[in-house]
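Notes follow once the structure below has been shown.
Lettering follows sequence order; numbering is per chain, from 1. On a predicted model such as this, the values are computed, not experimentally measured, just so you know.
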2 protein chains.
Amino acid sequence: MTSERQQKIESVLSKRQNDITIVLENVNDPHNISAVMRSCDAIGIQEIYILNTKIPAYEKWASRSSCSAMKWLTIHQFADAKECVDIIKRKHSRILTTSLTTDAVSLYDLDLTQSVAFIFGNEHSGVSEEIRSLADGNFAIPQVGMIRSLNISVACAVTLYEAFRQRTTRGQYKKQALDEKTYQELKTKWTLNHETDQ
Amino acid sequence: MTSERQQKIESVLSKRQNDITIVLENVNDPHNISAVMRSCDAIGIQEIYILNTKIPAYEKWASRSSCSAMKWLTIHQFADAKECVDIIKRKHSRILTTSLTTDAVSLYDLDLTQSVAFIFGNEHSGVSEEIRSLADGNFAIPQVGMIRSLNISVACAVTLYEAFRQRTTRGQYKKQALDEKTYQELKTKWTLNHETDQ
């Protein structure tokens, strides 16, 4: 491996955030999942959660989509909503769903520099009632158009980039957030990823 | 039409911005075009430009994609880059391309409360050299991941929502930006749109 590539791996790992994650609940379209993963990688999310209570587990989609971002993320899969939320609550202090209900607060009124997990729901039915009842709050991306729905990969990217903007302003990408053990484990794994690319 | 629907049309028109637009240069995938149009509608862009110097004109794609946002936008189509840019320069004081070149400034360093046209290029080849030479500047969405490319509909949405955020902070959605003639013309057209929906 070139030293340039090694430096890139170290630079990316030094910016990975440990207190922000996303959950995809029954998200169906492999293009959406792939785009979401690219956005996660782009803003420095390392761990993501795939919760499939209604549709086949993600592997089946993964084999059909060419998701280049997948190998740079740590993906947790669950089939049970409560089990998934319990695990997330150990690591994150707020779980927020997104849906266009009247109780939703604006994305731009959230402090995203603090620990947070965002849950995005199925393309058609949105976030389930079960997940809504387990979450700490609900937010929406403001919209001033005739159509009131953004593509899920778009909604996710807008949300994550607002977190990125706030965290950049606060200098949260300037110091390593991963603990040293995780950093070293990922460094080893990513170096192997790179070698299998050749 | 219900008065609720009429009120919605008037509310949306009152927030349409007249000094921000996008150009899609040889963007190929109808899913991307459709998602971009939904983002434009969502943040109050009225006029957009489809520049196809290399691929068939947009109608062919439009007929294959179900783009619900299309009927709420004013779409200008061009086959010649210079002609398209000349028209845009009459209405907008800055034309910015997006590509990951070294001269690119960060999206977050741009003042997007001022008149601006964003040009997004083809999924594979990006913005053409011709367009680059005609534009006023180039920007990039910062990325701290292993993969250096965001889906075009994601990049467009992140860009437009940063404009939305800045303009909301400045109160630019609080007063009507469309001139009265355009407002009334669109109101008539949208009312008819609605009636043909029934």
- request: Could you tell me whether A/Lys82 and A/Asp86 have a side-chain N and a carboxylate O separated by less than 4.0 Å?
  value: yes

query: Under 4.0 Å between a Lys/Arg side-chain N and an Asp/Glu carboxylate O for B/Glu4 and B/Lys8?
result: no

query: Top residue by heavy-atom pair count (under 4.5 Å) with chain A, among B/Ala35, B/Pro142, B/Ser11?
result: B/Pro142

task: Can you tell which part of B/Tyr161 gets under 4.5 Å to a heavy atom of chain A, answering side chain, backbone, both or neither?
output: both

query: In terms of heavy-atom pairs under 4.5 Å with chain B, which of A/Val12, A/Asp41, A/Leu150, A/Leu13 leads?
result: A/Asp41

- prompt: Using 4.0 Å as the upper bound for N to carboxylate O, is an ion pair formed by A/Glu162 and A/Arg165?
  reply: yes

task: Please state whether the side chain, the backbone, both or neither of A/Ile43 comes within less than 4.5 Å of a heavy atom of chain B.
output: backbone

Residue of the set A/Glu47, A/Arg167, A/Gln46 for which side chain to side chain donor-acceptor pair (under 3.5 Å) holds with A/Gln17: A/Arg167

